[in-house]
Participant: 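Dumping the structure here so I can ask a few things about it.
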Amino acid sequence: MAAPLPELPFQGASFDLEEVADTFTPPEGFRVEIIEGKLVVSPTPLGPHLKITSFLQAKLTGLAPGYLPVQHATVTIGPTGERYIPDLVLLPEPMLDEKRWKFPSYEPALTVEVTSPSNADTDRVKKVRGYALGEAPAYLLIDTDDDRWTLFEQPQAGVYRKQTRPTPEGILPLPPPFTGPLDCSGLS
């Protein structure tokens with residue numbers, strides 16, 4: 001007669017992925033996101049990636065009065081429970097006075113992702129869909145593989161209805177609350 005199998009700790013157990021993400025400590029140099037119902041642990045960006053983000057942060061400063069460009073903020077996608085850590089977001093300045101680390105995706109005036117070789121398809125496909133579902137008003141995707149910048153706007157029913165690319169001179173028109181366009185020249 002065979003002995004009964006030992007009970008496995010998580011077999012059939014329900015768990016809260018957000019709670020797991022909150023209590024999980026990633027290895028040094030990694031970050032934790034929730035993407036399409038999965039806990040994703042990925043390396044933090046490298047120097048060239050950070051350089052693009054930092055230059056972009058400087059160029060965006062002051063273009064949207066009342067908003068500040070920040071790195072390393074966690075953005076939540078309400079309808080799906082996903083959490084992203086975009087490369088850059090422009091958040092309302094008063095929100096940054098609050099002791100919080102998660103921000104709803106519809107609050108930033110602009111959310112920016114710069115592709116990395118290890119996760120480019122996530123930024124190009126999964127996050128475009130996620131940000132649209134979360135009604136992020138403007139999502140700027142900087143694809144470093146082909147030096148293509150795409151601004152996604154007007155989210156509706158999980159899809160962005162408008163896509164804009166910079167002019168040949170590198171000028172990208174930005175929607176309100178921005179007071180002018182973004183000069184993308186020399187940023188990649």
Side-chain angles (χ1 to χ4, degrees), residues 26 29-36 38 40-65 67-75 77 82-91 103 105-156 158-188:
F30 285 78
R31 60 184 174 183
V32 176
E33 296 176 287
I34 300 173
I35 301 173
E36 292 189 334
K38 296 178 182 147
V40 178
V41 179
S42 57
T44 54
L46 299 175
H49 188 117
L50 295 171
K51 186 176 180 181
I52 292 170
T53 306
S54 294
F55 282 142
L56 182 59
Q57 183 173 1
K59 287 197 174 204
L60 286 170
T61 299
L63 275 180
Y67 288 80
L68 287 176
V70 296
Q71 299 181 38
H72 310 295
T74 298
V75 173
I77 311 299
E82 294 175 84
R83 284 188 198 168
Y84 304 155
I85 302 173
D87 294 301
L88 188 69
V89 291
L90 265 77
L91 287 168
F103 303 91
S105 55
Y106 54 82
E107 290 289 350
L110 179 68
T111 303
V112 180
E113 296 280 4
V114 179
T115 62
S116 296
S118 63
N119 72 346
D121 286 337
T122 297
D123 293 339
R124 290 182 195 126
V125 179
K126 295 175 183 177
K127 288 189 177 179
V128 171
R129 181 175 44 246
Y131 285 127
L133 283 168
E135 297 186 1
Y139 170 51
L140 177 59
L141 175 63
I142 302 171
D143 196 327
T144 58
D145 286 345
D146 60 7
D147 195 29
R148 181 179 298 194
W149 294 48
T150 307
L151 179 64
F152 295 88
E153 301 172 79
Q154 301 173 4
Q156 184 180 23
V159 176
Y160 280 106
R161 299 291 179 199
K162 182 179 178 184
Q163 295 180 25
T164 307
R165 294 216 169 93
T167 66
E169 299 78 33
I171 303 301
L172 180 64
L174 296 173
F178 293 94
T179 57
L182 173 64
D183 181 359
C184 306
S185 60
L187 283 177
S188 48

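Start at 1 with the first residue, then count along the sequence. Here the structure is a predicted model, which is why all the values come from computation and not from measurement.
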Participant: Is any side-chain heavy atom of Leu68 less than 4.5 Å from a side-chain heavy atom of Leu91?
Facilitator: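 No - every pair of side-chain heavy atoms lies 4.5 Å or more apart.
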Participant: Are the side chains of Leu141 and Asp123 in contact, using a 4.5 Å heavy-atom criterion?
Facilitator: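 A side-chain contact exists here, since the closest heavy-atom pair is under 4.5 Å.
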Participant: Between Pro108 and Pro137, which heavy-atom pair has the shortest distance, and what is it?
Facilitator: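 Answer, listing the atom of Pro108 first, then Pro137: O-CG, 3.2 Å.
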Participant: Would you call Val75 and Tyr131 a side-chain contact if the rule is heavy atoms closer than 4.5 Å?
Facilitator: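 With C-beta onward as the side chain, the pair touches.
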Participant: Distance from Ile52 atom CD1 to Thr115 atom OG1, nearest 0.5 Å?
Facilitator: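 Ile52 CD1 to Thr115 OG1: 8.0 Å, rounded to 0.5 Å.
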Participant: Between Thr61 and Pro69, which heavy-atom pair has the shortest distance, and what is it?
Facilitator: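 For Thr61 versus Pro69, the nearest heavy atoms are OG1-CG, 3.5 Å.
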Participant: Do the side chains of Ile142 and Asp87 get nearer than 4.5 Å, heavy atoms only?
Facilitator: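 They are not in side-chain contact.
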Participant: Determine the minimum heavy-atom distance between Arg124 and Val128, stating which atoms define it.
Facilitator: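 Closest approach of Arg124 to Val128, heavy atoms only: O-CG2, 3.2 Å.
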Participant: Would you name the heavy atoms of Pro166 and Cys184 that are closest together and state the gap between them?
Facilitator: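 Reported closest heavy-atom pair: CG-SG, 4.1 Å.
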Participant: Sub-3.5 Å donor-acceptor pair from the side chain of Lys59 to the main-chain atoms of Leu182, do we have one?
Facilitator: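 No.
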Participant: Parallel, tilted or perpendicular for Phe152 and Tyr139, by the 30°/60° rule?
Facilitator: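 Rings of Phe152 and Tyr139: parallel, as their planes differ by under 30°.
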Participant: May I ask you to test the Leu90-Leu63 pair for a side-chain heavy-atom distance under 4.5 Å?
Facilitator: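 They are not in side-chain contact.
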Participant: Which is it for Glu113 and Tyr84 under the side chain to side chain donor-acceptor pair (under 3.5 Å) test, yes or no, and what are the steps along the way?
Facilitator: CA-CA 10 Å; Glu113 296 280 4; Tyr84 304 155; over 6 Å; no
Participant: If every non-hydrogen atom of Thr179 is compared with every non-hydrogen atom of Pro65, which pair is closest and at what distance?
Facilitator: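 The answer is CG2-CD, 3.6 Å.
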Participant: Under a 4.0 Å N-O cut-off, is there an ion pair linking Glu82 with Lys127?
Facilitator: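 Salt bridge between Glu82 and Lys127, a charged N being under 4.0 Å from a carboxylate O: no.
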Participant: Just how far is it from atom CG of Leu133 to atom OH of Tyr160, taken to the nearest 0.5 Å?
Facilitator: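 OH of Tyr160 is found 9.0 Å from CG of Leu133.
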Participant: With rounding to the nearest 0.5 Å, note down the distance linking CD in Glu153 to NZ in Lys162.
Facilitator: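 It comes to 4.5 Å.
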Participant: Rounded to the nearest 0.5 Å, what separates atom OG1 in Thr164 from atom CG in Leu174?
Facilitator: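 Output value for this atom pair is 9.0 Å.
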Participant: Considering all heavy atoms of both residues, which atom of Gly130 and which atom of Ile77 are nearest to each other, and what is their separation?
Facilitator: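 For Gly130 and Ile77, the tightest heavy-atom pair comes out as O-CG2, 3.3 Å.
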Participant: Measure the OG1-CG distance between Thr111 and Leu140 for me, rounded to the nearest 0.5 Å.
Facilitator: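 The OG1 atom of Thr111 sits 9.5 Å away from the CG atom of Leu140.
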Participant: CG/Leu56 to CD/Gln71 distance, rounded to the nearest 0.5 angstrom?
Facilitator: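 Spacing of CG (Leu56) from CD (Gln71) equals 9.0 Å.
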